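Everything numeric in this text was worked out from a predicted model, so none of it was measured. Atoms within a ligand are numbered from 1 in the order they appear, just like the ligands themselves.
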Amino acid sequence: MRIALGVTGGIAAYKAAEIARRLQDRGVRVQVVMTASAQEFVRPLTFAALTGEKVITEMFSQRDSNSTLDSSVEHIGVAQSIDALLVAPATAATLARFAQGLSEDFLSTLYLATTAPVVVAPAMNVNMWRHPATQSNLQLLRQRGVTIVEPEEGYLACGMTGEGRLAGTETIVEALLARLAQSRDLKGEHILISAGPTYEPIDPVRFLGNRSSGKMGYAVAEAALRRGALVTLVSGPTTLTPPPVEEFVQVETSAQMRQALLARFGHASITIMTAAVSDFAPANPAAQKIKREGALHLELQPTADILAELGSARAPGQLLIGFAAETQNLEENARRKLERKHLDAIVLNDVSRPGIGFGSERNAGEIITATESISIPEMTKQEMAGRILDAIVKLRAAQLTPKVTA
Ligand code: CTP
């Protein structure tokens with residue numbers, strides 16, 4: 001296991017030495033990358049002596065003669081060889097550079113060039129931490145899958161008291177190791193994910209749709225990618241940019257979504273149905289735009305229940321996860337869907353609660369399986385995606401564990 005430890009310019013920079021030490025104790029090889037301002041606080045020699053590796057201090061350095069790497073592409077070499085990038089302490093400026101994608105020095109270039117998981121442990125003055133600019137940069141990074149190890153509250157080097165003190169060494173090391181373990185736990189799985197709403201045409205310009213934004217499904221796809229899965233995303237109309245999945249299929253109607261999913265279901269080891277498939281579609285969509293001539297009566301007919309169809313077509317070993325949007329008798333209704341559609345788990349959303357669910361950034365609910373019910377307090381959809389995948393990893397492990405019979 002090899003990680004890059006980015007050290008940026010703050011009083012807490014000296015604590016990075018202890019972090020490097022603890023990581024080495026856990027068998028992790030550490031390549032330290034220091035920003036110019038970090039070197040005002042700690043000398044690179046400290047890290048070089050601790051890690052036994054040359055510390056990277058600048059973008060274009062004079063390489064020693066026995067190096068095989070040309071300095072101009074060194075960041076690519078490091079980016080490809082590391083299992084994770086940890087930045088501790090991370091200053092407000094570093095977070096801003098990462099959020100904006102500014103490749104101004106070795107560390108920010110490495111951040112852009114690596115596909116390995118990234119963990120940042122911010123440390124700064126309490127007002128800088130609370131500033132909306134910092135908070136919105138953190139939110140962006142979180143959305144892009146960066147793990148943030150929140151700073152602690154306490155006395156700060158600037159003389160103020162509040163949150164902004166670098167998290168404890170153990171907390172940071174544990175967060176990194178957990179992220180490293182997670183980064184591979186879906187390797188070998190091919191996950192088929194449906195997302196977004198469906199649009200059912202009424203006439204060439206009008207449709208019957210719903211308020212689904214697709215955010216939950218896209219968050220699950222992104223998280224699954226980060227955890228090593230091969231991902232196929234089948235999406236109804238959304239305004240979102242799809243993550244770099246293996247295959248992205250854009251559909252509009254529930255019939256198209258059904259076809260796209262049925263065609264790919266056989267190759268998927270896990271299928272997660274987050275899409276808000278329209279339950280009804282106009283029975284006879286008009287070929288021409290319907291004129292406004294008095295009241296209009298639309299006849300709707302139920303669409304095919306795609307998830308139930310997948311449930312009856314599933315092969316042994318395939319995992320199938322559904323969602324349930326409910327407004328009443330939540331758990332009872334969700335459990336009924338779990339059984340009727342032959343699912344391994346169902347994610348229950350209470351869509352009657354304001355501020356969560358459809359269209360919003362946050363969600364809450366419950367993950368229900370045959371044997372347990374995991375409560376999900378209100379959190380971002382990215383965090384919830386992580387919880388859903390954790391539950392799936394657990395289901396897979398239970399499946400693989402041989403049952404002991406008397
Ligand atoms: N679903 C589906 N095909 C449909 C309707 C829903 O595959 N035509 C899937 C959804 O993607 C979701 C799950 O079924 O994963 C539950 O959707 P929901 O609308 O809550 O359930 P319904 O079975 O439609 O039941 P009802 O609307 O009556 O509660």
Practice item. Apply ring pair (Phe, Tyr, Trp, His ring centres under 6.0 Å) to Phe265 and list each qualifying residue two or more places apart in sequence or on a separate chain. Key: none

Exercise for review: May I ask you to say whether Arg227 pairs ionically with Glu189, meaning some side-chain N is under 4.0 Å from a carboxylate O?
Suggested key: no

**Study point:** Heavy-atom check, side chain of Asn137 versus side chain of Gln100, under 4.5 Å
**Key:** yes

**Study point:** Which residues share a ring pair (Phe, Tyr, Trp, His ring centres under 6.0 Å) with Phe41, sequence neighbours left out
**Key:** none

List, pair by pair, the atoms of ligand 1 and of the protein that are both N or O and lie under 3.5 Å apart, giving the separation rounded to 0.1 Å.
unit_1, atom_1, unit_2, atom_2, d
ligand 1, 3 (N), Ile306, N, 3.1
ligand 1, 7 (O), Ile306, N, 3.4
ligand 1, 7 (O), Leu307, N, 2.8
ligand 1, 8 (N), Thr303, OG1, 3.1
ligand 1, 8 (N), Ala304, O, 2.9
ligand 1, 11 (O), Ala275, O, 2.7
ligand 1, 14 (O), Lys341, NZ, 2.9
ligand 1, 15 (O), Met273, O, 2.9
ligand 1, 15 (O), Phe323, N, 2.9
ligand 1, 15 (O), Phe323, O, 3.2
ligand 1, 20 (O), Ala325, N, 3.2
ligand 1, 20 (O), Lys337, NZ, 2.7
ligand 1, 21 (O), Lys337, NZ, 3.0
ligand 1, 23 (O), Lys341, NZ, 2.6
ligand 1, 24 (O), Asp279, OD1, 2.8
ligand 1, 24 (O), Asp279, OD2, 3.3
ligand 1, 27 (O), Asp279, OD2, 3.0
ligand 1, 29 (O), Lys337, NZ, 2.9

Exercise for review: With sequence neighbours excluded, tell me which residues meet salt bridge (Lys or Arg N to Asp or Glu O under 4.0 Å) with Arg130.
Suggested key: Glu163

**Study point:** Geometric class of the Phe98/Tyr111 ring pair [parallel <30°, tilted 30-60°, perpendicular >60°]
**Key:** parallel

